[in-house]
Amino acid sequence: TGVQTCALPISNAIYNSPGDIQWFVTDYDVKKDTKLKQDLGIMERNFRKLIKYAFLNVPDWWKQRIPADVKEKATRMKSEHDNAPVLRGQTDYELIEFIDFPDIRKIITEKRNWDEIFSKIFPKNQKDNFRFKMEELEVLRNHIYHNRVLGEIDSSRFAVYYDDIMKFINSYARKDQI
């Protein structure tokens, strides 16, 4: 039923027997795990694109509309990226590419941003519901990206939240052709 077995060697030191290689077997659903990570990546990239597009007509939006702690962290992370020897020559990413998942929630639900911009994308009276879903998605996201297996209830919750949020993003994107 889609469950794959992955065998990983365990250090010989554990067994006090040089040359004796033991195998540790982990059962997990590779297709489900891959799909969850793929959906998270799609959602995060779409959120960044949505934020950039939503602020398109806002002058100096990065300085004016992004919370100070988010700007500071993104600037530090971009600097680390730009100075990492193994990443030299990689694409010159914009600062928005260095925000974390919780930062997306902060940017969108910040009062002025929500009232003036994002309440036109997401249901205006659903700010608290949006915040709640994003907080739960953050927990699920960290669980998934750190290779922990989600149970069926949490997998279903993720699917519902993902569909709800992506429905609004896609609707906005189609309407405004982003």
Side-chain angles (χ1 to χ4, degrees), residues 30-122 126-127 130-150 154-155 157-178:
V30 173
K31 288 181 183 177
K32 177 182 166 189
D33 184 61
T34 302
K35 175 76 168 118
L36 288 168
K37 287 178 181 173
Q38 178 183 19
D39 287 347
L40 279 165
I42 289 168
M43 185 168 47
E44 286 190 40
R45 283 189 296 278
N46 275 286
F47 266 128
R48 288 183 181 100
K49 187 175 180 181
L50 174 72
I51 290 167
K52 282 176 50 177
Y53 189 78
F55 286 130
L56 196 60
N57 294 318
V58 177
D60 213 10
W61 65 270
W62 182 260
K63 289 183 182 176
Q64 302 299 320
R65 296 298 190 107
I66 305 301
D69 63 321
V70 173
K71 286 188 286 196
E72 183 180 311
K73 185 171 59 173
T75 300
R76 184 182 72 249
M77 291 175 68
K78 183 177 183 341
S79 176
E80 289 172 8
H81 170 273
D82 291 347
N83 293 312
V86 296
L87 297 173
R88 293 208 175 139
Q90 296 291 324
T91 303
D92 185 29
Y93 294 104
E94 297 176 58
L95 284 167
I96 191 75
E97 298 299 326
F98 294 92
I99 64 170
D100 291 332
F101 197 81
D103 299 333
I104 293 167
R105 175 181 36 85
K106 281 184 184 178
I107 292 166
I108 291 174
T109 60
E110 188 277 328
K111 182 173 177 22
R112 184 172 165 209
N113 292 342
W114 181 268
D115 291 346
E116 295 177 15
I117 295 173
F118 294 102
S119 65
K120 296 176 179 104
I121 299 168
F122 301 101
Q126 295 293 312
K127 181 179 178 181
F130 176 82
R131 180 183 289 121
F132 174 78
K133 285 180 182 179
M134 290 296 288
E135 288 170 354
E136 286 206 345
L137 278 169
E138 180 183 342
V139 173
L140 297 172
R141 178 215 179 270
N142 291 341
H143 201 78
I144 293 164
Y145 273 151
H146 291 281
N147 298 306
R148 298 179 197 114
V149 177
L150 278 188
D154 289 327
S155 293
R157 178 179 290 118
F158 173 80
V160 168
Y161 289 179
Y162 174 85
D163 289 344
D164 285 351
I165 289 170
M166 291 304 293
K167 176 180 67 175
F168 291 110
I169 291 174
N170 289 332
S171 175
Y172 182 74
R174 278 192 305 276
K175 181 181 80 178
D176 290 319
Q177 299 177 351
I178 62 172

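This structure is a prediction, so every number in the text was calculated from the model and none was measured.
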(request) Give a yes or no answer on whether the side chain of K32 reaches the backbone of V149 with a donor-acceptor pair at less than 3.5 Å. (result) no

(message) Between M43 and F101, is there a side-chain heavy-atom distance shorter than 4.5 Å?
(response) yes

(message) For the CZ atom of R65 and the CD atom of E110, what is their distance to the nearest 0.5 Å?
(response) 7.5 Å

(message) Check D39 with K35, please: is the shortest side-chain N to carboxylate O separation under 4.0 Å?
(response) yes

(message) If you apply the rule side chain to side chain contact (heavy atoms under 4.5 Å, CB included), what do you find for D103 with F98, and how did you get there?
(response) CA-CA 10 Å; D103 299 333; F98 294 92; over 6 Å; no

(request) Kindly indicate whether the side chain of Y93, heavy atoms from C-beta on, has any atom under 4.5 Å from the side chain of D82. (result) no

(message) When you compare the side chain of M77 with that of D100, does any pair of heavy atoms fall below 4.5 Å?
(response) yes

(request) Indicate yes or no: at least one non-hydrogen side-chain atom of F158 is less than 4.5 angstrom from one of H143. (result) no

(request) Mind checking the OG1-NZ spacing from T75 to K71? Nearest 0.5 Å is all I need. (result) 8.5 Å

(request) From the options R48, K49, K52, K78, select the one residue that forms a salt bridge (charged side-chain N to carboxylate O under 4.0 Å, His left out) with E94. (result) K52

(message) According to side-chain contact (heavy atoms from CB on, under 4.5 Å), who are the partners of N170, at least two apart in sequence or on a separate chain?
(response) M166, R174

(request) Report, as yes or no, whether the 6.0 Å neighbourhood of atom CG on D69 holds more than 12 heavy atoms from other residues, nucleotides or ligands. (result) yes

(request) Check step by step if side chain to side chain contact (heavy atoms under 4.5 Å, CB included) holds for V58 and I117. (result) CA-CA 10 Å; V58 177; I117 295 173; 3.9 Å; yes

(message) Before you tell me yes or no, could you show the steps for W62 and I96 under side chain to side chain contact (heavy atoms under 4.5 Å, CB included), namely the whole-Å CA-CA distance, both residues' side-chain angles and the distance that decides it to 0.1 Å?
(response) CA-CA 8 Å; W62 182 260; I96 191 75; 4.0 Å; yes

(message) Rounded at 0.5 Å granularity, tell me how far CD1 in I169 sits from NZ in K167.
(response) 12.0 Å

(request) May I ask you to test the R141-M134 pair for a side-chain heavy-atom distance under 4.5 Å? (result) no

(request) For the residue pair F47 and I107, establish whether any side-chain heavy-atom pair is separated by less than 4.5 Å. (result) no

(message) How long is the straight-line distance from CD1 of I121 back to CZ of F168, given to the nearest 0.5 Å?
(response) 11.0 Å

(request) With sequence neighbours excluded, tell me which residues meet ring-ring contact (aromatic ring centres under 6.0 Å, His included) with F130. (result) W114, F122

(request) Kindly give the heavy-atom pair with the smallest separation between Y172 and A54, and that separation in Å. (result) OH-CA, 4.0 Å

(request) State the CG-OH distance between L36 and Y162, to the nearest 0.5 angstrom. (result) 10.5 Å

(message) If you compare all heavy atoms of Q64 against all heavy atoms of P59, which two are closest, and at what distance to 0.1 Å?
(response) CG-O, 3.9 Å

(message) To check you understand the geometry: which heavy-atom pair defines the closest contact between D164 and K133, and what is its length?
(response) OD2-NZ, 2.6 Å

(message) Apply side-chain hydrogen bond (donor to acceptor under 3.5 Å, both in side chains) to residues K37 and N147 and explain how you reach the verdict.
(response) CA-CA 10 Å; K37 287 178 181 173; N147 298 306; 2.4 Å; yes

(request) Nearest 0.5 Å please: distance from the CG atom of N46 over to the OH atom of Y53. (result) 14.0 Å

(message) Do L137 and I165 have side chains that approach each other closer than 4.5 Å (heavy atoms only, starting at C-beta)?
(response) yes

(request) Flag yes if more than 12 heavy atoms outside Q126 fall under 6.0 Å of its CD atom; otherwise flag no. (result) yes

(request) Would you check if L95 and I66 make a side-chain contact, meaning some heavy-atom pair closer than 4.5 Å? (result) no

